[in-house]
Undergrad: 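Handing you a structure now.
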Amino acid sequence: MTEPLAPQYNPSAIESALYAWWQERGLFSPDAGPGGSAATPYVVMMPPPNVTAVLHMGHGLNNTVQDVLVRFERMRGRRALWVPGTDHAGIATQNVVERLLAKEGLTRFDVGREAFVERVWGYVRETGAAILEQLKAIGSSADWGRTYFTLDDDLSRAVREAFVTLYEEGLVYRGHYIINWCPRCLTALSNEEAEKEETDGKIWHLRYPLADGTGHVTVATTRPETMLGDTAVAVHPDDERYRPLIGRALRLPVVDRAVPIVADHAVDPAFGSGAVKITPAHDPADFEIGRRHNLPSIDVMTPEARISLAAPERFQGLDRFDARARVVAEFEAAGLLERVEPHRHAVGHCYRCGTVIEPRLSDQWFVRMEPLARPALEKYRDGTLRFIPERRGDDYTQWLEGIRDWCISRQLWWGHRIPVWYCEAEGCARTTVSRSDVGACPGCGGPVKQDEDVLDTWFSSWLVPFSSLGWPERTPDLAGFYPGHTLVSAPEILFFWVARMIMSGLHFMGEVPYTHIYLHGTVRDTQHRKMSKSLGNGIDPLEVVERYGADALRYSLVSGMSVGTDVILDPDDLEGSFAPGRNFANKLWNAGRFILSNIEGPVRPLAGAPDAVRPDELALADRWIIARCDATVREATDAYEKFRLNEAAGAVYRFLWSDLADWYIEQIKPRLYGDVPGGDAARAVAVQTFDVALRLLHPIMPFVTEALWRRFPGRTANASISVAHWPRPDARAEDASAIAEFDLVQQVVGAIRGIRAEYGVPPGQTVRAYVSQDGRAVHAALERERGTILRLAKLSELVLGESTERIGGHAVLPDGTAVFVPLGDAIDVDRECGRLGAEAERLSSLLGSQEKKLSNEQFVARAPADVVARERDKMAAWSEQRDVLLGKRKLLGCG
RNA sequence: GGGCGAAUAGCUCAGCCGGUUCAGAGCGCCUGCCUUACACGCAGGAUGUCGGGGGUUCGAAUCCCUCUUCGCCCACCA
């Protein structure tokens, strides 16, 4: 406890020691989540009271925010817990596998960072390794085929429970629909996973001749190759141009097939030619029209998006884009290509690999969303659910109102398999949906085969708020922690995850999982691009931690983040982004070091004990810093509660640096050194206020605050600031007069320093100063802090009163207090006259506009009385200030 | 095509339910200091038609309209 502290804060040594220390005591959870990305799903829950906690050193924005909030809540005596999103074993495993594959030279997917593997959860690592063993056993990627690796985690049961329950309620169904298909990943995707992107494309106007050769109909398309699967052309029933043609046949070029002209209200007569080619197997809208008109569906593409056997032989096996060119060429050759126009439209891309989505007709499992969305919407509208920032609620509403059924089956080789078994016996065809594995058909006893697909990873994610607590079991954890309070998440997964958790929570548990949804911004580079590994514009948090410390990283992220806005960081200027946090940590370190080195033995308490410091022992500066400290407690607590973490950080920063370090510590030095009496009180106040500030800052900068806090007297070896109580505001600490009086002291010192700098007085040289004013009360304040002023302004003498000398530097404070520093020969009188004149001039112009304002009858009549009074006071003060300045000029004999 | 957000000092941003010498902070820059907690520091200083235009008001960085630029989200018009 008494070993000397290094003069410079060394984050890496201190942080790693604390990290280990916390871990030993179960106060720390070392996992960084998959990739440390913003997508890491953690959940903050905090029902009262009773304290248990999992702590975390976050590297990313999401982790950091969550950790800050958890620490804050916990220090306030609320139970705060992070539940790691183990459901993301799916994604994590996938990433690990990819990583390991790459190491083995088996490149099939994009590869994550080296550091990533070291950071993922242990069980994921093991799972990944096990999977890799199996993959290697299977052989080369070409031979892999469809092999399943079902994740054996706690969530499997919950996932099955949810699936089967929804099935029994008629909310899960299997359907033959157009889904988003990725020809590279060879899987279906949900609407949310198909990212729309504005793309410059073309629109081709193609002529389809009437079968009897009496003319043609022009259709427009952005995907000409799909015409190979056309089975009709549709027009609006009221479209006069086409009404006579309805029911007649067209001769489909290229494939030479007869297709009918049908009438359907879905067609917009105003768009293009008003006639639409219908490809039921390759377009969702066409599929619906096809259904209404009983049109056949011709699937002309293979899963890899090559042209299938259903098309003419010369197209078979062609890539879809090659086929497009070939179709267009054939139309052109036949004189049936009317025209081509540039066309900007949204094209779906696979969220994972970026491949252009191909709408594809297939059998998939869906969740009926409307019945789930309705209550979720209701809970927002009745105010149960709140978004921070509020405007995110609009996004939520909009999405739920337009919600479509959720395609949950995926043709991937990882994840939770769909718990459905099909009977393979001749003539049975029974489908069994079951919570437990099915070995034989419950109907006929025949052999069964489990559905080949796995579930969308978000199907397990949306259960996390309760599945992670043991559901469907009614565990104590579930009873104790559900529902939670706050969810911290990134806006980009509002639909993927957040809204769905709310729906599932309401459906399966009957309550919203969280009442507060805090959506933070995104970390971007200076061009406002999202930081990502693939763009290479990211900042490696581990590098920052190593160079500047975790506290510096956290401070930079938090202080740069106002509610709902993005954090912009320059990857090419780590110094500019993170040095301030490091500097602040070092400042704290040294302030703490100073205080610690000046106390020995017990420090008297400020109140509540026989040996407590008596009020009459307190200096003005003591009262001032106590009042400022109290104000900071209020400000910071309020900011944390409102999720305004940057404001909390700013409040404590200002208190610690500008008030405590710059002024208070300077003020108490003589007392601590024993040069003047009052050392006891100074020590007590310094320790007390510094302690409060450490606690206020701890959620944001846990390491440096902990490192210092535990060294203060009276702390047992196992005490941790992370379980210390949150400071409470104290009405007795409010002290407006101390604030005002010390403010005057600061201004006087500032004025003298300004004059010294102005006239280049050498730093070591002392000067005399005169401070005068009509009022007496402030003089009393200055008298009380005479020593402080002498020291901080480097004075040989401070006279509270007028000087008989004239030549020197003058300053007038806003309240009219005049400060005079006689400088004799050192002063340039002309320059001083100029300075004073300019200052008086500035006040004159202010007075001018003020006079105008006050003589404006409208203002006096309409503005609130207190505003008018305030403006009058202002004018009086300025006027006095100016008079004093002009008086000084006269004294100096200015022209 | 719809909706939303942003535009303030060279950079990153705060201020914005109108009215405290309201134009601020940090970084950067300039000047002077290794003053025994801290040069990752101390003291002092310069810097802005608050994106353009219009309006409401006694009064606008703050409210309304419009334009420009940037960004985000949503969208089955082929």
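Chain A is the first sequence line, chain B the second, and so forth, proteins listed ahead of strands; every chain is numbered from 1.
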Undergrad: Are there over 12 heavy-atom neighbours, none belonging to A/Glu401, within less than 6.0 Å of that residue's CD?
TA: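 Counting other residues, nucleotides and ligands, CD of A/Glu401 exceeds 12 neighbours.
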Undergrad: After noting the C-alpha distance and the side-chain angles of A/Gln747 and A/Asp743, does the key distance pass the side chain to side chain donor-acceptor pair (under 3.5 Å) rule?
TA: CA-CA 6 Å; A/Gln747 288 193 47; A/Asp743 180 59; 2.9 Å; yes
Undergrad: Report which part of the nucleic acid A/Ser597 touches: base, sugar-phosphate, or nothing (heavy-atom distance under 4.0 Å, all strands).
TA: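 The residue A/Ser597 makes no contact with any strand.
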Undergrad: Nearest whole angstrom, please: distance from the P of B/C72 to the CD1 of A/Ile568.
TA: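 The distance from CD1 of A/Ile568 to P of B/C72 comes to 11 Å, rounded to the nearest Å.
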Undergrad: What distance, rounded to whole Å, do you find between the two C1' atoms, one in B/U69 and one in B/G26?
TA: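 27 Å, rounded to whole Å.
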Undergrad: Quick one: the side chain of A/Gln398 and the base of B/C74, do they pair up donor-acceptor inside 3.5 Å?
TA: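 Answer is no: no donor-acceptor pair is held.
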Undergrad: Base, sugar-phosphate alone, or nothing: which one does A/Glu192 contact when heavy atoms must sit under 4.0 Å apart?
TA: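 No contact at all - A/Glu192 keeps every heavy atom at 4.0 Å or more from the nucleic acid.
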Undergrad: Could you check which of B/G5, B/A78, B/C76 has an atom nearest any side-chain atom of A/Arg404?
TA: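 It is B/C76.
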Undergrad: I want to verify a distance call: between B/G26, B/C74, B/G44, whose nearest atom is closest to the A/Tyr653 side chain?
TA: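 In terms of side-chain proximity for A/Tyr653, the closest of B/G26, B/C74, B/G44 is B/G26.
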Undergrad: Give the rounded distance in Å between these two atoms: CG of A/Leu519 and C1' of B/C73.
TA: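 These atoms are roughly 13 Å apart.
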Undergrad: Side chain of A/Arg654, backbone of A/Thr632: donor and acceptor closer than 3.5 Å?
TA: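 Pair absent, no side-chain N/O of A/Arg654 close to backbone of A/Thr632.
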Undergrad: So which nucleotide from B/C42, B/G44, B/G15 ends up closest to the side chain of A/Asp662?
TA: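 Closest nucleotide to the A/Asp662 side chain: B/C42.
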Undergrad: Please tell me which of A/Gly274 and A/Arg644 maps to the more 5' nucleotide of RNA chain B, matching each residue to the nucleotide holding its nearest heavy atom.
TA: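 Its nucleotide being nearer the 5' end, the pick is A/Arg644.
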Undergrad: Give the nucleotide from the list B/C76, B/A37, B/C40 with an atom nearest to the side chain of A/Lys196.
TA: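 Out of B/C76, B/A37, B/C40, the nucleotide with an atom closest to A/Lys196's side chain is B/C76.
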Undergrad: Calculate, to the nearest 0.5 Å, the distance between atoms CZ and CZ belonging to A/Arg207 and A/Arg339 respectively.
TA: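 So the CZ of A/Arg207 and the CZ of A/Arg339 are separated by 9.5 Å.
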Undergrad: Round to the nearest Å and state the distance from A/Leu813 atom CG to B/U20 atom C1'.
TA: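 Rounding to the nearest Å, CG of A/Leu813 and C1' of B/U20 are 17 Å apart.
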Undergrad: Under 4.0 Å, heavy atoms only, any strand: does A/Ala661 hit a base, just the sugar-phosphate, or nothing?
TA: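 Counting heavy atoms under 4.0 Å across all strands, the contact made by A/Ala661 includes a base.
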Undergrad: Just by distance, do the side chain of A/Arg582 and the backbone of A/Pro11 share a donor-acceptor pair under 3.5 Å?
TA: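 The answer is no, because no donor-acceptor pair under 3.5 Å joins these two groups.
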Undergrad: Report yes if a side-chain nitrogen or oxygen of A/His343 is closer than 4.0 Å to either non-bridging phosphate oxygen (OP1 or OP2) of B/A78; otherwise report no.
TA: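 Result: yes.
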Undergrad: Take the protein atom CZ of A/Arg392 and the nucleotide atom P of B/G5, then report the distance between them rounded to whole Å.
TA: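 Distance, rounded to whole Å: 10 Å.
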Undergrad: Checking all strands, does A/Gln881 fall into the base, sugar-phosphate, or nothing category for heavy-atom contacts under 4.0 angstrom?
TA: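 Touches a base.
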Undergrad: Using a 4.0 Å heavy-atom cut-off, does A/Trp399 contact any base of the nucleic acid, only the sugar-phosphate backbone, or nothing at all?
TA: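 Touches nothing.
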Undergrad: Tell me: CD of A/Gln667 to C1' of B/A37, nearest whole Å?
TA: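 The distance from CD of A/Gln667 to C1' of B/A37 comes to 16 Å, rounded to the nearest Å.
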Undergrad: Categorize A/Pro359 for me: base, sugar-phosphate, or nothing, with a 4.0 angstrom heavy-atom threshold over every strand shown.
TA: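 Nothing, no nucleic acid heavy atom in range.
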Undergrad: When all nucleic acid strands are considered with a 4.0 Å heavy-atom cut-off, which category describes A/Arg842: base, sugar-phosphate, or nothing?
TA: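 Base: the residue A/Arg842, judged by heavy atoms under 4.0 Å, touches a nucleobase.
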Undergrad: Determine the Euclidean distance between corresponding C1' atoms of B/U8 and B/C30; express it in Å to zero decimal places.
TA: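 Their C1' atoms lie roughly 23 Å apart.
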Undergrad: With P as the reference atom in both, quote the distance from B/A9 to B/C72 in angstrom, rounded to an integer.
TA: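 Looking at atom P only, B/A9 and B/C72 are 23 Å apart.
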Undergrad: Figure out the CG/P separation between A/Asn583 and B/U12, and round it to whole Å.
TA: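 The answer, rounded to whole Å, is 20 Å.
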